[in-house]
There are 2 protein chains.
Amino acid sequence: MNKPRRSKPTLYQELHDRLAADLAAGVYPVGGRFPTEQELCARYSLGRHTVREALRLLEEAGLLSRQAGVGTVVLARTPPEVYSYRIDSIDNLTEYARVTIFDKKQEGVVTLRPKLAETLGAEQGSRWLRMAGLRHTQNDELPVAWTDIYISEPYIGVRDGIGGVSRAIYQKTSEQFGFTIARVERRIAAVSMPEDLAAELSSEPGAPALMERRRYWSDKGELFEITLSFHPGDRFTQTILLERET
Amino acid sequence: MNKPRRSKPTLYQELHDRLAADLAAGVYPVGGRFPTEQELCARYSLGRHTVREALRLLEEAGLLSRQAGVGTVVLARTPPEVYSYRIDSIDNLTEYARVTIFDKKQEGVVTLRPKLAETLGAEQGSRWLRMAGLRHTQNDELPVAWTDIYISEPYIGVRDGIGGVSRAIYQKTSEQFGFTIARVERRIAAVSMPEDLAAELSSEPGAPALMERRRYWSDKGELFEITLSFHPGDRFTQTILLERET
DNA sequence: TCATCTTAAATGTTCGGATAATGTTATGAC
DNA sequence: GTCATAACATTATCCGAACATTTAAGATGA
């Protein structure tokens with residue numbers, strides 16, 4: 001994404017570079033006023049469009065703030081160092097989400113007892129539909145995880161036709177009830193493989209495992225789904241790549 | 001960041017909304033050409049600046065692609081759903097980075113053997129400065145992790161004055177040698193606590209533990225630092241919050 | 001047939017000007 | 001003094017016009 005330096009840079013690009021250099025050098029104190037468009041036009045003998053284009057670049061870079069009636073304010077001397085982990089779509093939240101299938105083994109409505117409520121990070125005494133089962137890839141013989149899926153009581157309708165389908169459940173829920181997912185929280189911890197899951201996962205009790213909890217919020221701020229997964233340590237690693245934004 | 005709908009929307013805002021609606025409705029097929037600026041000016045009786053501002057918004061939303069000599073191409077009907085995990089600064093890559101101190105126990109230059117090279121994801125036979133020790137909080141008695149820090153041979157100079165300082169090592173390295181960190185990769189897996197570390201961490205051998213590997217690249221694409229940490233499972237969890245971008 | 005040149009079309013850049021919207025500040029009535 | 005109002009400064013929006021740059025496609029020639 002770094003454009004090669006043009007042989008003949010544009011005027012607004014040149015002005016932008018110059019002003020950015022001035023900002024970096026501390027010529028304009030942070031929090032103070034930046035020269036007005038008129039001033040810049042006069043000082044550099046440029047048209048207002050050119051000046052505004054340069055200012056727009058500086059604003060997009062997070063260095064300036066512009067507002068009618070106020071003026072242009074200096075926000076920072078250098079662009080903030082920002083690293084981002086970006087996911088293009090909710091569907092590739094993890095690489096295994098799409099390519100694995102859910103083999104439902106248990107189902108029922110539960111009322112959260114204190115201990116489970118704390119594990120899930122949900123209201124004590126609230127009622128949820130719980131579906132539990134194995135998650136594995138199409139061809140592989142060994143399951144990748146044991147997953148407990150909890151769906152908030154108002155949205156229990158999605159149960160119909162879950163088994164084996166590769167579509168994600170949160171997606172179904174959000175489509176069926178017409179809202180969008182606004183927030184997803186993932187929490188990961190290392191635990192011992194619980195005894196009752198070891199057999200299902202063809203693993204040893206007490207072997208290292210990753211416990212992953214996910215909580216999904218709707219755009220109304222409502223927590224509508226929670227999943228709890230146990231991955232055998234030798235079959236699952238998670239990688240996150242952080243890249244600096246340009 | 002959602003501005004309240006103005007009582008009197010601007011013309012380019014109105015045009016943007018209308019074109020976005022058309023795109024969503026599939027009026028312009030993805031991959032095909034979008035009407036030219038001239039056409040839009042004529043069709044809606046607007047000046048070119050106004051049309052270009054609307055197109056700029058659509059381009060920023062990821063719906064259109066514009067290029068001189070080619071024209072405007074439809075990229076998508078609706079803006080891509082994007083979730084982002086954003087870190088403002090490299091320093092709060094994890095919440096414990098700043099508040100913990102590193103208690104160096106070992107130090108030496110190593111040449112990577114095949115197995116260690118694979119674990120670290122680095123070149124076999126390359127030489128690194130290895131520093132290892134415990135990481136713990138100021139007041140707490142129990143250490144949070146055992147950490148191996150590997151620094152690429154050209155940058156070994158940073159060793160001076162590492163002990164106990166709370167500044168991060170990658171930060172020192174990048175400052176001292178005058179480059180910026182462009183990429184950070186984190187990889188997490190569940191493992192058994194290695195026998196030789198159990199005593200140091202006051203943990204049990206074989207107990208669940210999180211192994212975290214971090215690799216740091218410079219802006220020149222050079223892998224200059226790798227860290228390997230072992231966290232006792234009962235003293236460390238990791239939480240990531242993904243939020244939908246506006 | 002292939003490479004090169006020419007041309008046309010589209011977006012990009014830059015000027016000039018005018019009006020609108022938005023805060024800040026000074027003014028003035030009470 | 002306090003509050004409403006008017007004047008002002010500044011950015012935002014919008015129009016018109018011209019030229020530059022980039023790319024695709026057609027024309028030309030060896």
Side-chain angles (χ1 to χ4, degrees), chain A residues 1-20 23 28-76, chain B residues 1-20 23 28-76:
Chain A
M1 279 298 139
N2 54 348
K3 350 184 121 161
R5 177 58 80 193
R6 318 160 63 117
S7 54
K8 196 173 193 184
T10 62
L11 291 179
Y12 72 83
Q13 186 62 254
E14 273 183 346
L15 178 59
H16 164 268
D17 292 350
R18 161 132 200 197
L19 294 178
L23 282 165
Y28 306 106
V30 172
R33 293 291 176 81
F34 201 72
T36 68
E37 297 177 355
Q38 287 258 344
E39 269 177 64
L40 293 172
C41 290
R43 190 185 303 176
Y44 299 103
S45 303
L46 293 170
R48 186 149 172 256
H49 280 304
T50 308
V51 168
R52 281 179 63 77
E53 193 60 36
L55 291 178
R56 162 177 254 148
L57 292 180
L58 293 170
E59 186 184 21
E60 278 175 2
L63 297 178
L64 298 180
S65 154
R66 302 154 76 203
Q67 198 181 356
V70 178
T72 304
V73 177
V74 179
L75 293 181
Chain B
M1 281 300 143
N2 53 348
K3 359 182 112 159
R5 178 58 80 192
R6 317 158 65 117
S7 53
K8 196 172 193 183
T10 62
L11 290 180
Y12 72 82
Q13 186 62 251
E14 273 184 347
L15 178 59
H16 164 269
D17 292 350
R18 161 130 200 199
L19 295 177
L23 282 165
Y28 307 105
V30 173
R33 294 290 176 80
F34 201 72
T36 67
E37 297 176 355
Q38 287 260 344
E39 269 175 63
L40 293 172
C41 290
R43 191 184 301 175
Y44 298 103
S45 304
L46 293 170
R48 190 152 169 248
H49 279 306
T50 309
V51 168
R52 282 178 64 78
E53 192 61 35
L55 291 178
R56 165 176 252 150
L57 292 180
L58 292 169
E59 187 184 20
E60 277 176 3
L63 299 178
L64 299 178
S65 154
R66 302 157 78 205
Q67 198 179 357
V70 178
T72 304
V73 176
V74 179
L75 292 182

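Each chain gets a letter, A, B and so on, in the order the sequences are listed, and its residues count up from 1.
For the residue pair B/V73 and B/G31, the shortest heavy atom distance occurs at CG1-O, 3.8 Å. Nearest heavy atom pair, residue B/R52 against residue B/R66, reads NH1-NH2, 3.4 Å. Residues B/V30 and B/L75 come closest through the heavy atom pair CG1-O, 3.4 Å.
Side-chain atoms of A/R56 and A/E60, non-hydrogen and from C-beta on, do get closer than 4.5 Å to each other. Proximity of B/L19 to B/L40: side-chain heavy atoms (C-beta onward) are separated by under 4.5 Å at one or more points.
The interatomic distance linking B/H16 (NE2) with D/dT13 (P) rounds to 13 Å, in whole Å. The separation between B/R52 atom CZ and D/dC14 atom P is 15 Å, rounded to whole Å. Nucleotide D/dT11 holds its P atom 9 Å from the CZ atom of A/R33, rounded to whole Å. For A/R66 and C/dG23, the CZ to P distance is 15 Å, given to the nearest whole Å. Computed from coordinates, the B/L46 CG to D/dA17 P distance equals 15 Å when rounded to whole Å. Atom pair B/L11:CG and C/dA18:P shows a separation of 20 Å (rounding to whole Å applied). For the pair B/E59 CD and C/dG12 P, the computed distance is 7 Å after rounding to whole Å. The distance between atom CD of B/E37 and atom P of D/dC15, rounded to the nearest whole Å, is 14 Å.
Neither OP1 nor OP2 of D/dC14 sits under 4.0 Å from any side-chain N or O of B/Y12.
The residue A/G47 sits close only to the backbone: its heavy atoms come under 4.0 Å of sugar-phosphate atoms, none of a base. Residue B/L55 is classed as having no contact, given no heavy-atom separation below 4.0 Å to the nucleic acid.
Each end of the helix from C/dT1-D/dA30 to C/dC30-D/dG1 yields a helix axis from five base pairs, and these two axes differ in direction by 0° (to the nearest 10 degrees).
The residue among A/Q67 and A/H49 whose nearest nucleotide of DNA chain C is located toward the 5' end is A/H49. Mapping A/A68 and A/R48 onto DNA chain C by nearest heavy atom places A/R48 closer to the 5' end of the strand.
For A/Q38, the CD atom counts as loosely surrounded, since its 6.0 Å shell holds 12 or fewer non-hydrogen atoms of other residues, nucleotides or ligands.
With C/dT11, D/dA24, C/dT24 as the candidates, the nucleotide lying closest to the side chain of B/T72 is C/dT11.
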Would you tabulate the side-chain donor-acceptor contacts of residues 41-48 of chain A under 3.5 Å, counting partners in other chains and residues two or more places apart, or write 'none'?
| residue | atom | partner | partner atom | Å |
| --- | --- | --- | --- | --- |
| A/R43 | NH1 | A/Y28 | OH | 3.3 |
| A/R48 | NE | A/E37 | OE1 | 2.5 |
| A/R48 | NH2 | A/E37 | OE1 | 2.8 |

